[in-house]
Engineer: 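This is the structure, below, for whatever I ask next.
All values below come from the heavy atoms of this structure, side chains included, with hydrogens, waters and symmetry mates left out. Each chain gets a letter, A, B and so on, in the order its sequence line appears, and its residues count up from 1.
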Number of protein chains: 2
Amino acid sequence: MQVSSLPKTPLRVVGAAPASKFEVKCSGCNLRELCLPKGLDEADLRRVECVVYTRRRVKRGEALFDAGDEFHSVYAIRSGFFKTTTIDDEGREQVTGFNMPGELLGLDGIGSGAYHANAVALEDSEVCVLPYALVESLGREMPALQRHLFSVLSREIVRDHGVMMLLGSMRAEERLATFLLNLSRRFSRRGYSPTDFHLRMTREEIGDYLGLKLETVSRLFSRFEAEGMLEVEQKHVRIVDVDALEALLRTRN
Amino acid sequence: MQVSSLPKTPLRVVGAAPASKFEVKCSGCNLRELCLPKGLDEADLRRVECVVYTRRRVKRGEALFDAGDEFHSVYAIRSGFFKTTTIDDEGREQVTGFNMPGELLGLDGIGSGAYHANAVALEDSEVCVLPYALVESLGREMPALQRHLFSVLSREIVRDHGVMMLLGSMRAEERLATFLLNLSRRFSRRGYSPTDFHLRMTREEIGDYLGLKLETVSRLFSRFEAEGMLEVEQKHVRIVDVDALEALLRTRN
DNA sequence: CGGGGATTTGACACATATCAAGAGCGGTGG
DNA sequence: CCACCGCTCTTGATATGTGTCAAATCCCCG
């Protein structure tokens with residue numbers, strides 16, 4: 001079985017400097033279109049690169065930041081995979097999102113000066129550090145950048161509303177189907193197979209995201225496989241019948 | 001029984017011009033601290049007032065905007081009460097929020113140029129219209145305003161994560177308790193009784209927000225009343241025992 | 001190569017949904 | 001001012017989806 005999934009660190013710059021210091025070249029980054037506005041010229045890019053002057057590596061299982069940490073930077077994922085979670089006073093844990101290269105982390109900290117979520121790497125990862133004070137002031141000088149930031153925040157709100165829809169109005173199988181189709185689309189956009197990928201999170205983490213128990217998630221995987229929609233082998237998933245998955249969502253019971 | 005609830009239009013400027021044209025004076029608005037950054041001087045306020053040059057009235061049941069409408073403005077609620085909802089392709093309806101004076105509507109449209117949600121007035125309401133292009137450019141000249149907007153967007157994300165927590169990890173009674181305590185706090189902040197208020201939404205709308213069926217919501221109200229935590233009379237709610245409500249949330253089963 | 005976490009699966013419990021009926025309330029028009 | 005109508009709400013009986021508990025297997029990581 002041929003499985004194409006994200007390599008551990010597919011986007012690392014070859015010959016980059018040692019861990020504590022990296023060459024940062026947004027201009028040559030193939031994720032540029034995901035974390036920067038379109039149509040920046042060379043001069044703009046150089047100014048952005050002055051803001052993005054460090055990278056940071058986060059090992060699998062480590063936190064990029066924790067809820068309550070003082071907010072100072074937003075992070076652009078360069079390689080790897082993250083989950084963000086919030087834990088309330090009573091210990092309930094909710095996974096608020098899974099994040100892949102080109103996406104931003106830490107936006108939840110802007111409003112209060114402290115991060116509200118934990119961001120944990122699900123595999124060895126690398127992020128670009130964007131000191132927020134610099135981003136903000138650069139935004140004032142570069143309208144396109146400012147507009148882009150507002151846009152990213154707004155789209156995050158729209159995404160969250162989608163998750164609210166999922167959690168509030170969908171049945172378990174619809175939630176998992178939505179989740180898989182969403183992953184598929186995002187992998188696809190990044191040049192990876194939309195039908196064949198590696199889940200970086202556990203069944204429990206999927207459950208904590210979808211509002212389900214891990215046993216339910218496991219059963220659903222088994223059922224989807226039995227019904228010929230998926231091939232599941234541990235964390236490798238192959239979507240065999242996209243149409244059937246999508247049809248699941250259309251079935252208004 | 002004495003019930004203090006929001007009057008129909010508590011904040012209307014006495015002697016305001018007719019519906020199509022209002023005096024707009026942010027400087028005299030007692031909601032200023034809710035929708036504007038602190039510490040603006042007189043000159044700044046006048047500039048803001050140039051942007052907020054119209055108001056709009058929305059009757060109970062009418063939509064301020066619908067999903068798919070072209071995005072051009074953000075709205076600050078001056079009086080009244082709104083719900084925002086999203087409907088997916090299959091007709092599932094999710095209430096994404098209830099909004100009261102001082103809160104902003106339409107932020108979800110910034111990212112894509114079209115609103116993603118419907119905003120419907122739950123009682124006769126009035127909003128300040130903030131043309132987004134003007135807000136954006138004024139933000140570049142007034143850092144405090146720009147920072148405030150980012151802050152509002154970020155806090156909306158945090159709020160949404162709270163709702164995800166509610167929908168994904170709480171049981172029905174915890175959801176309703178959380179909802180009531182949240183309303184209580186927001187009424188309180190606006191100078192109204194935190195224990196005694198009028199629900200402007202139906203049981204069904206509460207259910208569509210909390211991911212529950214209207215019957216479940218109704219039963220919960222009855223039970224909370226039977227247990228001496230609430231007094232419920234139609235849409236009037238009186239919180240008799242806040243501690244008990246909060247204790248409900250602490251009960252990790 | 002060993003061990004502990006992750007996954008699967010089964011049996012059963014329970015919270016919430018569904019279906020149904022009736023009551024209450026508010027608005028409208030005669 | 002009263003009666004009617006429609007919508008909202010309440011409550012009961014029952015169904016069902018998902019959670020809980022438990023045990024066995026798997027397999028990945030150190």
Engineer: Donor-acceptor pair, distance only, cut-off 3.5 Å: does the side chain of A:Asp69 make one with the backbone of A:Asp66?
Structural biologist: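 Yes, the answer is positive, given that a donor and an acceptor are paired below the 3.5 Å cut-off.
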Engineer: Please tell me which of the listed nucleotides, D:dT10, D:dT8, C:dT8, lies nearest to the side chain of B:Thr202?
Structural biologist: D:dT8
Engineer: Picking from A:Arg78, A:Arg155, A:Arg189, A:Arg186, what satisfies salt bridge (Lys or Arg N to Asp or Glu O under 4.0 Å) with A:Glu103?
Structural biologist: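 The residue from A:Arg78, A:Arg155, A:Arg189, A:Arg186 that satisfies salt bridge (Lys or Arg N to Asp or Glu O under 4.0 Å) with A:Glu103 turns out to be A:Arg186.
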Engineer: Rounding to a whole Å, what distance do you find between A:Glu123:CD and D:dC29:P?
Structural biologist: 12 Å
Engineer: Rounding to an integer number of Å, can you tell me how far B:Lys235 NZ sits from D:dT8 P?
Structural biologist: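 Going from B:Lys235 (NZ) to D:dT8 (P), I get 7 Å.
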Engineer: Looking at B:Asp243, is its backbone amide N or carbonyl O close enough to the side chain of B:Glu246 to form a donor-acceptor pair, meaning the two atoms are under 3.5 Å apart?
Structural biologist: no
Engineer: Scan nucleotides 1-4 of chain C against the protein and return all N/O pairs shorter than 3.5 Å with their distances rounded to 0.1 Å.
Structural biologist:
none

Engineer: Which of parallel (below 30°), tilted (30 to 60°) and perpendicular (above 60°) describes B:Phe187 and B:Phe197?
Structural biologist: tilted
Engineer: Using atom CG of A:Leu122 as one end and atom C1' of C:dG5 as the other, report the distance to the nearest whole Å.
Structural biologist: 16 Å
Engineer: Nearest to the side chain of B:Arg203 - D:dC9, C:dT8, D:dT11?
Structural biologist: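 The nucleotide sitting nearest to the side chain is D:dC9.
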Engineer: Could you tell me whether the phosphate oxygens of C:dT9, OP1 or OP2, come under 4.0 Å of any side-chain nitrogen or oxygen in A:Ser222?
Structural biologist: yes
Engineer: Hey, which of these two, B:Leu214 or A:Leu220, hits DNA chain D nearer its 5' end, going by closest nucleotide?
Structural biologist: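 Result: B:Leu214.
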Engineer: Any donor and acceptor pair, going by atom type alone, linking the side chain of B:Asp88 with main-chain N or O of B:Arg92 inside 3.5 Å?
Structural biologist: yes
Engineer: For the backbone of B:Glu126 and the side chain of B:Arg57, can you confirm whether one donor and one acceptor N or O come within less than 3.5 Å of each other?
Structural biologist: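 Here the side-chain-to-backbone pair does not exist.
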Engineer: Here's a test for you: under side chain to side chain contact (heavy atoms under 4.5 Å, CB included), which of A:Leu122, A:Leu64, A:Asn118 qualifies with A:Phe82?
Structural biologist: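 Only match with A:Phe82 under side chain to side chain contact (heavy atoms under 4.5 Å, CB included): A:Leu64.
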Engineer: Find the distance A:Leu167:CG to D:dG17:C1' and express it as a whole number of Å.
Structural biologist: 16 Å
Engineer: Below the 4.0 Å mark, does D:dG19 have OP1 or OP2 next to a side-chain nitrogen or oxygen of A:Thr216?
Structural biologist: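 For A:Thr216, the contact criterion (side-chain N or O under 4.0 Å from OP1 or OP2 of D:dG19) is met.
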Engineer: Which whole-number value in Å describes the distance from A:Glu233 CD to C:dT7 C1'?
Structural biologist: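 Going from A:Glu233 (CD) to C:dT7 (C1'), I get 13 Å.
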Engineer: So is B:Arg203 actually on top of B:Phe221's ring, under 6.0 Å and inside 45° of the axis?
Structural biologist: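 Verdict for B:Phe221: a cation-pi partner in B:Arg203.
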Engineer: Identify all pairs in which a protein N or O lies below 3.5 Å from an N or O of nucleotides 12-15 of chain D, and state each distance.
Structural biologist:
residue, atom, partner, partner atom, Å
D:dG12, N7, B:Arg219, NH1, 2.9
D:dG12, O6, B:Arg219, NH2, 3.0
D:dA13, N6, B:Arg219, NH2, 3.3

Engineer: In Å, rounded to the nearest 0.5 Å, how long is the span from CZ of A:Arg159 to OG1 of A:Thr96?
Structural biologist: 7.0 Å
Engineer: Main chain of B:Asp208, side chain of B:Gln94: is a donor-acceptor contact present, judged purely on distance under 3.5 Å?
Structural biologist: yes
Engineer: Considering only heavy atoms, which members of residues 206-213 of chain A lie under 4.0 Å from some atom of DNA chain D?
Structural biologist: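 Going residue by residue through residues 206-213 of chain A, the ones with a heavy atom under 4.0 Å of DNA chain D turn out to be A:Gly211, A:Leu212, A:Lys213.
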Engineer: Without decimals, in angstroms, what is the distance between A:Gln234 CD and D:dC26 P?
Structural biologist: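 From A:Gln234 CD to D:dC26 P: 10 Å.
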Engineer: Between D:dT18, C:dT16, D:dC9, which one does the side chain of A:Arg171 approach most closely?
Structural biologist: D:dT18
Engineer: First locate atom CG of B:Leu105, then atom OG of B:Ser125, and finally report the distance between them rounded to the nearest 0.5 Å.
Structural biologist: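 One finds 9.5 Å between CG of B:Leu105 and OG of B:Ser125.
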Engineer: Nearest whole Å is fine: how far is D:dC28 C1' from A:His198 NE2?
Structural biologist: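 After rounding, the gap between these two atoms is 11 Å.
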Engineer: Quick one: does B:Glu227's side chain have a donor or acceptor within less than 3.5 Å of a partner on B:Phe224's backbone?
Structural biologist: no
